[in-house]
Amino acid sequence: MATPTASGAAVTSTVATASTPDYYNYNPTKIGASIVAILFVVVSLTHLIKVFRHRAWFFFPMIIGGILECIGYVARVKSAQETPDWTEGPYIVQALTILVAPALVAATIYMILGRIILATDGEAFSLIRKKWLTKIFVFGDVLSFFVLAGGSALLASKKGSLLKLGENLILVGLFIQIVFFGLFIVVSYLFHTRIHRNPTPTSLSPHLNWQQALYVLYAASLLIMVRSVVRVIEYAQGTGGYILSHEVFLYVFDAALMFIAVAIFVLWHPSAMLGLDKRGKKSDSEWYPLGGTARP
């Protein structure tokens with residue numbers, strides 16, 4: 001039987017330790033997890049409506065990422081209800097979904113840059129050709145997704161022989177994410193400065209607010225980058241480290257940052273900034289819709 005101490009940590013007796021592992025170093029908050037789960041449901045449903053309104057199908061990875069975040073925090077609600085006798089199922093679900101969800105959000109962010117380049121007729125200013133741009137970054141994203149998934153599964157097993165391997169895999173997955181995000185920011189910035197100095201006729205259209213779209217990408221990328229860096233520090237400290245032992249870091253440097261990164265595209269949706277009407281069709285200027293299909 002485990003009993004919570006004044007500091008919020010759980011003290012487990014010898015009998016309980018043998019039968020019920022201490023999955024958390026604190027008592028998970030039910031209210032906090034419930035609020036975050038509701039927020040991700042709302043923002044994911046809002047994006048789903050916008051996807052069909054604007055036919056922006058490439059937003060589906062972000063929506064799935066938001067759903068995974070929701071599932072993760074629902075699992076934490078379940079864990080909070082089980083305190084102090086936590087079970088393995090909810091713990092594994094929350095550990096896996098919350099860790100890998102940002103990779104799916106990042107996939108949509110990568111594809112938005114490709115649409116901006118396409119919309120501005122500015123492929124000549126991109127460090128990487130449009131043909132390879134999305135493929136390279138999505139490859140890195142998928143790679144980090146599977147590495148993080150494998151690492152979190154091993155870590156969630158709570159088996160001593162697998163804990164260190166799980167931590168190392170998670171660190172590798174996070175480093176992959178940081179490297180590709182860093183490269184993405186560089187590619188975005190170079191494209192931005194080059195086309196700003198030598199604008200294409202299409203980029204000068206008053207209906208095409210491509211610079212605002214890029215600023216939104218920068219903001220979302222920075223939020224995910226900060227989240228990933230904090231996660232690296234967290235797992236570098238180990239399962240008994242300060243960050244993993246204090247739940248507040250999860251909500252400040254993961255839940256809040258990821259929610260803002262997803263919600264920012266509700267307020268400033270690429271379809272609106274790139275001049276698409278509610279049916280996903282072109283406005284007065286001649287560029288491709290965000291769905292990526294050229295129109296006559």
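The shown structure was predicted, so the numbers you read here are calculated from the model rather than taken from an experiment.
Using a 4.5 Å heavy-atom threshold, the side chains of F52 and W57 count as touching. Taking the side chain as every heavy atom from C-beta outward, L217 and F184 approach each other to under 4.5 Å. Contact annotation: the side chain of Y73 approaches that of L250 to within less than 4.5 Å [non-hydrogen atoms, C-beta and beyond]. Counting heavy atoms from C-beta on, the side chains of Q94 and K78 never come closer than 4.5 Å. No side-chain heavy atom of L118 sits under 4.5 Å from any side-chain heavy atom of E123. The closest side-chain heavy-atom distance from T83 to Y24 is not below 4.5 Å. In this structure the side chain of V51 reaches within 4.5 angstrom of the side chain of I63, judged on heavy atoms. Between V100 and F146, the closest side-chain pair of non-hydrogen atoms is not below 4.5 Å.
Taking OG1 from T134 and CE from M111, the interatomic distance works out to 7.0 Å, rounded to the nearest 0.5 Å. Annotation: the span from D85 atom CG to S79 atom OG amounts to 12.0 Å, rounded to 0.5 Å. Taking CZ of R231 as the reference point, atom CG of L171 lies at 11.5 Å (rounded to 0.5 Å). The CZ atom of F59 sits 12.0 Å away from atom CG of L48, with the distance rounded to the nearest 0.5 Å. Separating the CD1 atom in I233 from the OG atom in S228 is a distance of 11.0 Å, to the nearest 0.5 Å. Separating the CG atom in L162 from the CD atom in E167 is a distance of 11.5 Å, to the nearest 0.5 Å.
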Which pairs of donor and acceptor atoms, one on a side chain in residues 35-47, lie under 3.5 Å apart (sequence neighbours left out)?
| from | atom 1 | to | atom 2 | distance (Å) |
| --- | --- | --- | --- | --- |
| S44 | OG | F40 | O | 2.7 |
| T46 | OG1 | V42 | O | 2.8 |
| H47 | NE2 | V262 | O | 2.9 |

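Every residue two or more places apart in sequence or in another chain that forms a side chain to side chain contact (heavy atoms under 4.5 Å, CB included) with I195 is listed here: T120, F125, F191, T200, S203, W210. Legend: residues meeting side-chain hydrogen bond (donor to acceptor under 3.5 Å, both in side chains) with E82, ordered by chain and number and at least two apart, are T87. Residues meeting the side-chain hydrogen bond (donor to acceptor under 3.5 Å, both in side chains) test with E69, sequence neighbours left out: none. In this structure Y218 satisfies the side-chain hydrogen bond (donor to acceptor under 3.5 Å, both in side chains) test together with H192, sequence neighbours excluded. With sequence neighbours excluded, the residues satisfying side-chain hydrogen bond (donor to acceptor under 3.5 Å, both in side chains) with Q212 are N209. Residues forming a side chain to side chain contact (heavy atoms under 4.5 Å, CB included) with K30 (at least two apart in sequence, or on another chain): S34, V77, A80, Q81. Partners of I260 according to the side chain to side chain contact (heavy atoms under 4.5 Å, CB included) rule, which considers only residues two or more places apart in sequence or in another chain, are L223. Evaluation of the side chain to side chain contact (heavy atoms under 4.5 Å, CB included) rule for E247 yields Y26, P28, T29, R76, Y251 as partners, not counting sequence neighbours.
Among residues at least two apart or in separate chains, ring-ring contact (aromatic ring centres under 6.0 Å, His included) pairs with a member in residues 163-183 are Y110-F181. Residues in residues 33-45 take part in no salt bridge (Lys or Arg N to Asp or Glu O under 4.0 Å) pair, two or more places apart or across chains. The salt bridge (Lys or Arg N to Asp or Glu O under 4.0 Å) pairs that include a residue from residues 191-214 number zero, where partners must be two or more places apart or lie in different chains.
Neither V147 nor V179 shares a network with the other; the hydrophobic side chains, linked directly or stepwise wherever heavy atoms of I, L, V, M, F, W or Y lie under 4.5 Å apart, form separate groups for each. Hydrophobic clustering (ILVMFWY, side-chain heavy atoms < 4.5 Å, transitive): L104 and L99 are in one cluster. F265 and I49 are not part of a single hydrophobic cluster, where members link through side-chain heavy atoms under 4.5 Å apart. Using a 4.5 Å cut-off between side-chain heavy atoms of Ile, Leu, Val, Met, Phe, Trp and Tyr, with links allowed through other members, M273 and L204 fall into different hydrophobic clusters. Cluster membership for W132 and V138, using ILVMFWY side-chain heavy atoms within less than 4.5 angstrom, is shared.
Contact between I109 and I224 at its shortest, heavy atoms only, is CD1-CD1, 3.7 Å. The minimum heavy-atom distance linking A75 with V93 is given by the pair CB-CG1, 3.8 Å. Among all heavy-atom pairs drawn from L68 and A101, the shortest one is CB-CB, 4.0 Å. Heavy atoms only, all atoms of each residue included: A219 and I264 are closest at CB-CD1, 3.8 Å. Heavy atoms only, all atoms of each residue included: L208 and A119 are closest at CD2-O, 3.7 Å. Minimum heavy-atom separation, P270 to I112: CG-CD1, 3.8 Å.
Remark: K50 NZ is packed, more than 12 non-hydrogen atoms of other residues, nucleotides or ligands lying under 6.0 Å away.
Looking at H54, its side chain never comes within 3.5 Å of a backbone N or O of A56 through a donor-acceptor pair. Proximity of a side-chain donor or acceptor of S144 to a complementary backbone N or O of Q177 within less than 3.5 Å is not detected. In this structure, S205 contributes its side chain and T202 its backbone to no donor-acceptor pair below 3.5 Å.
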Worksheet item: Does the pair M258 and V105 meet the rule for a side-chain contact (heavy atoms from CB on, under 4.5 Å), with working shown?
Response: CA-CA 9 Å; M258 289 311 304; V105 175; 3.9 Å; yes
Fill in: CA sep, side-chain torsions, deciding dist, call: E234, F249, side-chain contact (heavy atoms from CB on, under 4.5 Å)
CA-CA 9 Å; E234 174 183 332; F249 288 100; 5.9 Å; no
Discussion item. Could you go through V187 and F137, starting from their C-alpha distance and side-chain angles, then the distance that decides it, and tell me whether this counts as side-chain contact (heavy atoms from CB on, under 4.5 Å)?
Written reply: CA-CA 11 Å; V187 171; F137 289 117; 4.1 Å; yes
Practice prompt. Carefully, step by step, assess V230 and D254 under the rule side-chain contact (heavy atoms from CB on, under 4.5 Å).
Written response: CA-CA 9 Å; V230 173; D254 200 309; over 6 Å; no
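Note that R115 lies in the cation-pi zone of F58, set by a 6.0 Å cut-off to the ring centre and a 45° limit from the axis.
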